[in-house]
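Comments concern the structure below.
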Amino acid sequence: MPEILEVEMFRRSASLVIGRTVKSVTATDRIVVPEPAAVRMLVGRRITDVTRRGKMMTIHAGPARDPLAIDVHFGMSGRIIVDGSSPIDELAYGASDDTKWIRFALRFASGEMLLSDPRRFARVQPSSAWAGLGPDAFEVGKREFIDRVGARRAPLKAVLLDQSVLAGLGNMLVDEILLRAGLDPRRLVNTVSPTELGNVHAVMRRVLPELARKGGSHAGRLSAELRFAGAACPVDAHPMDRCVVGGRTTIFCPRHQH
DNA sequence: GATGCTGTTCTGGG
DNA sequence: GCCCAGAACAGCAT
């Protein structure tokens, strides 16, 4: 479920523990935390920062002469709970407050940070320094965006979903951006002009802060209730089509997306 | 009971 | 090497 907007909310929550010293680490789930010994090295260290690139959140801990960084990826159903509250109460595709979904926990002298993940697609592991991730969707400039996306040949949507090209966009956000940009998600990206790609970049830079304000990836014009074939396009009311692009269910308007 | 899913990774094949 | 489809991961909602 979490795309870049949700992960940014998680990062803000997690940053509440900056300055605290880790008292204990609970990491019993070998799927979510495949290297528990490495993650337990956090014990006794002070949290110095919590950063994010795309959908990856990184927890940084001291000391300065021997720092440790741990990557947290939330998968489909992961979310964070800090000192008893989460920025997102209700996740699509399963997440209750049931404590049996807690896969990872940091406890401090005061308070705690929990990772809840029913489906266990989340991962907590020593940081790989964001190797393999493209530039963050919030930060990437127009020139770099056009160069990176335009260098590929796959369908436009598949390229925008590729985290090594651009980090952060998921299925919902890509459909929303292409709906607003008026581009067909199936179009091979090498047939999309630099001007059109520049427009995609402009739409993305506008949509991300807007949806962040409205509460997340689900808050766009292409809301969950419209994600079926035949729904009225929010732009021109023409019945929308459904197909699969890049392995993901895709909703688009055949009239205004070309 | 069957299907699908706001994500990623791997495999086999063109 | 690039790209794709499909499967796998696992639980829940419809």
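Proteins come first, then strands; the chains are lettered A, B, ... in the order of their sequence lines, and each starts at number 1.
Residues A:R11 and A:E8 are paired through a salt bridge, judged by an N-O separation under 4.0 Å between the basic side chain and the carboxylate. Using a cut-off of 4.0 Å between Lys/Arg side-chain N and Asp/Glu carboxylate O, A:K157 and A:D184 are scored as not salt-bridged.
Atom CZ in A:R123 sits about 11 Å away from atom C1' in C:dA8, given to the nearest Å. For the pair A:R152 CZ and C:dC2 C1', the computed distance is 8 Å after rounding to whole Å. In this structure, A:L133 places its CG atom 14 Å from P of B:dG7, rounding to the nearest Å. For the pair A:D162 CG and C:dC2 P, the interatomic distance rounds to 11 Å; values are reported in whole Å. The CE-P distance, from A:M172 to B:dG4, rounds to 17 Å in whole Å. If you measure from atom CZ of A:F74 to atom C1' of C:dC9, you get 19 Å, rounded to the nearest angstrom. Between A:R120 atom CZ and B:dC5 atom C1' the separation is 18 Å, expressed in whole Å. Look at CG on A:D117: it is 11 Å from C1' on B:dG7, rounded to the nearest Å.
Comparing C:dG11, B:dG7, B:dT8 by their closest approach to the side chain of A:Q163 singles out B:dT8. Closest to the side chain of A:N171, from the set C:dC12, B:dG7, C:dC3, is B:dG7. Side-chain proximity of A:P155 to C:dG11, C:dC4, B:dT8: nearest is C:dC4. Side chain of A:H73, nearest nucleotide from B:dC5, C:dC4, B:dT8: B:dT8.
The distance from the CZ atom of A:R40 to the CD1 atom of A:I70 is 12.0 Å, given to the nearest 0.5 Å.
Here A:R153 lies in heavy-atom contact (under 4.0 Å) with sugar-phosphate atoms only. Among the atoms of the strands shown, only primed sugar atoms or phosphate atoms (P, OP1, OP2) are found under 4.0 Å from some heavy atom of A:I31.
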Given pairs defined as Watson-Crick or G-U wobble with both distances under 3.5 Å, what dot-bracket annotation applies to DNA chain C, with ( ) intrastrand, [ ] crossing, | other strand and . unpaired? .||||||||.||||
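Counting only distance, with no hydrogens or angles, the side chain of A:Q163 and the backbone of A:L161 share a donor-acceptor pair below 3.5 Å. Counting only distance, with no hydrogens or angles, the side chain of A:T250 and the backbone of A:R248 share a donor-acceptor pair below 3.5 Å. Formation of a donor-acceptor pair under 3.5 Å by the A:R148 side chain with backbone atoms of A:R143 is not found in this model.
Put simply, A:F74 and A:I31 are part of two different groups of oily side chains (I, L, V, M, F, W, Y) that touch within less than 4.5 Å, one to the next. In the hydrophobic clustering of this structure, A:V235 groups with A:M240; members are Ile, Leu, Val, Met, Phe, Trp, Tyr whose side-chain heavy atoms approach within less than 4.5 Å, directly or through other members.
Between A:R52 and A:T58 there is no side-chain heavy-atom pair separated by less than 4.5 Å.
The side-chain ring of A:F121 is stacked on the base of C:dC9, judged by centre separation under 5.5 angstrom and plane angle under 30 degrees.
Between A:S164 and A:D162, the side chains place a donor N or O and an acceptor N or O closer than 3.5 Å (distance only, hydrogens not considered).
Near-neighbour residues of DNA chain B inside residues 240-254 of chain A, defined by a heavy atom below 4.0 Å, number-ordered: A:R242, A:R248, A:T249.
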